[in-house]
Participant: 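Next up is a structure, given as structure tokens.
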Amino acid sequence: MNWYTEQWSQNCRFSIAYDKEIYSEKTAFQQIDFYQGEEFGTFFTLDGLMMVNEKDEFIYHDMIVHPAFATNPGIKKVLIIGGGDGGTAREVLRYSSVEEVVMAEIDERVFRLCQQYLPVTASGVEEDSRMELRFEDGLEYVRNAADQSFDLILVDSTDPISVGEGLFTTEFYNECYRVLNKDGILINQHESPYFAEYAENMKKAHRKIKTIFPITHVYQYHMPTYPSGHWLFGFASKSFDPLKDMDANTWNDFGIKTKYYNTDLHKGAFGLPNYVKEALK
Ligand code: SAM
């Protein structure tokens, strides 16, 4: 029995048994390792941190995408920053109403290797005619993108370390604001309230976003393989409110079958524990 172990904090580790290490590569940006195990199926890590696995990826990819569409069913043009495993793009492409999806992922090797070893998230993405793949820094991409050119930006990034750092800066959030149209919504991977290091990242991100967007919320979901399992997304918006404007009937009319998301859970997800509300003040 081999064990993959991630350090969740100084004094806490998380381990997953695996049968074999499928593939390993040091790209220009990060170390990618693919494993195969009983409990979580195929999974991959970047610089030793769990990214995506077959068992719980549905939770993350439902929750990064569907709350925005239930709030604004009219979303047509979507920008994904990061998201190299393809899972976020897969969920966006399920909306026939979506006309254009751009994915700005800095490391092409992540996407190519997921096409090969993690088809559950990556297959069918490149083949969709609405998809534009750009293998470049997401911060660079938004710097050069036109004003008011997207309805939705999904920041599916790693943590604010190494290449991911630029995606947690005030400059990046300001550029996202400029690139979003008047109904624009920004969803960002918003870390976690539980362990100190992640809680610090959460507070910093929220503080910056709050100074830029008029409507800012945070919503939670249970993500077993991320540190503590208690994980968040940020919901920043120029006009739509995720609770007041969420239209359950319209979202249900899309007929999109999901394993995790539903419009009742949508409302609940924005209800946060007191200690989290305190930390976000
Ligand atoms: N769901 C995972 C999580 O929450 O940690 C992240 C999914 S995806 C694997 C994260 C992606 O962000 C990686 O493929 C990484 O290459 C990409 N990434 C990191 N920094 C980036 C940047 N500055 N611009 C674009 N993509 C970036």
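The figures that follow rest on heavy atoms only: side chains count, while hydrogens, waters and symmetry mates do not.
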Participant: May I have the step-by-step check of side chain to side chain donor-acceptor pair (under 3.5 Å) for Gln36 and Thr42, ending in yes or no?
Facilitator: CA-CA 4 Å; Gln36 164 71 41; Thr42 300; 2.8 Å; yes
Participant: Give a yes-or-no answer on whether the side chains of Asp56 and His222 include a donor-acceptor pair shorter than 3.5 Å.
Facilitator: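 Judged by distance alone, the side chains do not pair up.
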Participant: Given 3.5 Å as the limit, does a donor-acceptor pair link the side chain of Asp247 with the main chain of Asn249, or not?
Facilitator: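 It does hold such a pair.
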Participant: Should Arg143 and Glu171 count as an ion pair when the cut-off is N to O under 4.0 Å?
Facilitator: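 Yes, Arg143 and Glu171 are salt-bridged.
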Participant: Under 4.0 Å between a Lys/Arg side-chain N and an Asp/Glu carboxylate O for Asp147 and Arg178?
Facilitator: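 Here Asp147 pairs with Arg178 in a salt bridge, since their nearest N and O are under 4.0 Å apart.
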Participant: Does Met202 reach the side chain of Leu280, with side-chain heavy atoms less than 4.5 Å apart?
Facilitator: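 In short, these two side chains touch, coming nearer than 4.5 Å.
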Participant: Is any side-chain heavy atom of Ile153 closer than 4.5 Å to one of Val179?
Facilitator: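 Yes. Closest side-chain heavy atoms under 4.5 Å.
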Participant: Within the 4.5 Å heavy-atom criterion, are Val78 and Glu100 side-chain neighbours or not?
Facilitator: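 No, too far: nothing below the 4.5 Å cut-off.
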Participant: Tell me if a side-chain donor or acceptor on Arg94 pairs with a main-chain N or O of Ile256 at a distance below 3.5 Å.
Facilitator: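 Such a contact is absent between Arg94 side chain and Ile256 backbone.
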Participant: Using side-chain heavy atoms (C-beta onward) and a distance below 4.5 Å, is His206 in contact with Thr216?
Facilitator: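 SC-SC contact between His206 and Thr216 confirmed.
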Participant: Ignoring hydrogens and angles, state whether a donor on the side chain of Tyr198 or His230 is under 3.5 Å from an acceptor on the partner side chain.
Facilitator: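 Absent: no donor and acceptor within the cut-off.
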Participant: Looking at Glu126 and Arg112, is there a salt bridge between them, counting it only when a charged N and a carboxylate O are closer than 4.0 Å?
Facilitator: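 So Arg112 pairs with Glu126 through a salt bridge.
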Participant: Report yes if the side chains of Ile22 and Phe44 come closer than 4.5 Å at any heavy-atom pair, otherwise no.
Facilitator: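 No, their side chains stay 4.5 Å or more apart.
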Participant: Any donor-acceptor pair under 3.5 Å linking the side chain of Ser123 with the backbone of Val120?
Facilitator: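 Side chain of Ser123 to backbone of Val120, a donor-acceptor pair under 3.5 Å: no, none is there.
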Participant: Taking Val101 as the fixed residue, which of Ile80, Leu154, Leu152 is the one that meets the side chain to side chain contact (heavy atoms under 4.5 Å, CB included) rule?
Facilitator: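 For Val101, the side chain to side chain contact (heavy atoms under 4.5 Å, CB included) test succeeds with only one of Ile80, Leu154, Leu152, which is Ile80.
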Participant: Between Gln31 and Ser24, is there a side-chain donor-acceptor contact under 3.5 Å, judged purely by atom types and distance?
Facilitator: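 Short answer, yes.
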Participant: Between Arg13 and Glu6 (salt bridge meaning N to carboxylate O under 4.0 Å), is one present in this structure?
Facilitator: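 Answer for the salt bridge query: no.
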Participant: Taking atom types as modelled and ignoring hydrogens, do the side chains of Trp231 and Gln189 form a donor-acceptor contact shorter than 3.5 angstrom?
Facilitator: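 Yes, a side-chain donor-acceptor pair sits under 3.5 Å.
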Participant: In the structure I gave you, are the side-chain heavy atoms of Arg109 and Phe29 within less than 4.5 Å of one another anywhere?
Facilitator: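 When only atoms from C-beta onward are counted, Phe29 and Arg109 do not touch, as no gap falls below 4.5 Å.
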Participant: Show your working on side chain to side chain donor-acceptor pair (under 3.5 Å) between Asp33 and Tyr23 and close with a plain yes or no.
Facilitator: CA-CA 6 Å; Asp33 295 295; Tyr23 181 81; over 6 Å; no
Participant: Between Met50 and Ile16, is any pair of side-chain heavy atoms under 4.5 Å apart?
Facilitator: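 Yes - at least one pair of side-chain heavy atoms lies under 4.5 Å apart.
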Participant: Using a strict cut-off of less than 4.0 Å between a Lys/Arg side-chain nitrogen and an Asp/Glu carboxylate oxygen, indicate whether Arg90 and Glu57 qualify as a salt bridge.
Facilitator: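 Salt bridge flag = yes for Glu57 with Arg90.
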Participant: Could you tell me whether the side chains of Gln148 and Asn181 share a donor-acceptor contact shorter than 3.5 Å?
Facilitator: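 Judged by distance alone, the side chains do not pair up.
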Participant: Determine whether the side chains of Tyr60 and Asp156 contain a donor N or O and an acceptor N or O closer than 3.5 Å.
Facilitator: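 There is such a pair (donor and acceptor under 3.5 Å, judged by atom type) between the side chains of Tyr60 and Asp156.
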Participant: Taking atom types as modelled and ignoring hydrogens, do the side chains of Asp241 and Thr71 form a donor-acceptor contact shorter than 3.5 angstrom?
Facilitator: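 No, no side-chain donor-acceptor pair sits under 3.5 Å.
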Participant: Check the pair Gln220, Ser192 against side chain to side chain donor-acceptor pair (under 3.5 Å), reporting the backbone distance first and the verdict last.
Facilitator: CA-CA 9 Å; Gln220 64 184 11; Ser192 165; over 6 Å; no
Participant: Is the shortest side-chain N to carboxylate O distance from Glu99 to Lys77 below 4.0 Å?
Facilitator: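 No, no charged N to carboxylate O under 4.0 Å.
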Participant: Is there a side chain to side chain donor-acceptor pair (under 3.5 Å) between Ser157 and Asn188 once you walk through the steps?
Facilitator: CA-CA 8 Å; Ser157 68; Asn188 70 299; over 6 Å; no
Participant: Does the side chain of Phe34 come within less than 4.5 Å of Leu113's, by heavy atoms?
Facilitator: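 Yes, close enough: below the 4.5 Å cut-off.
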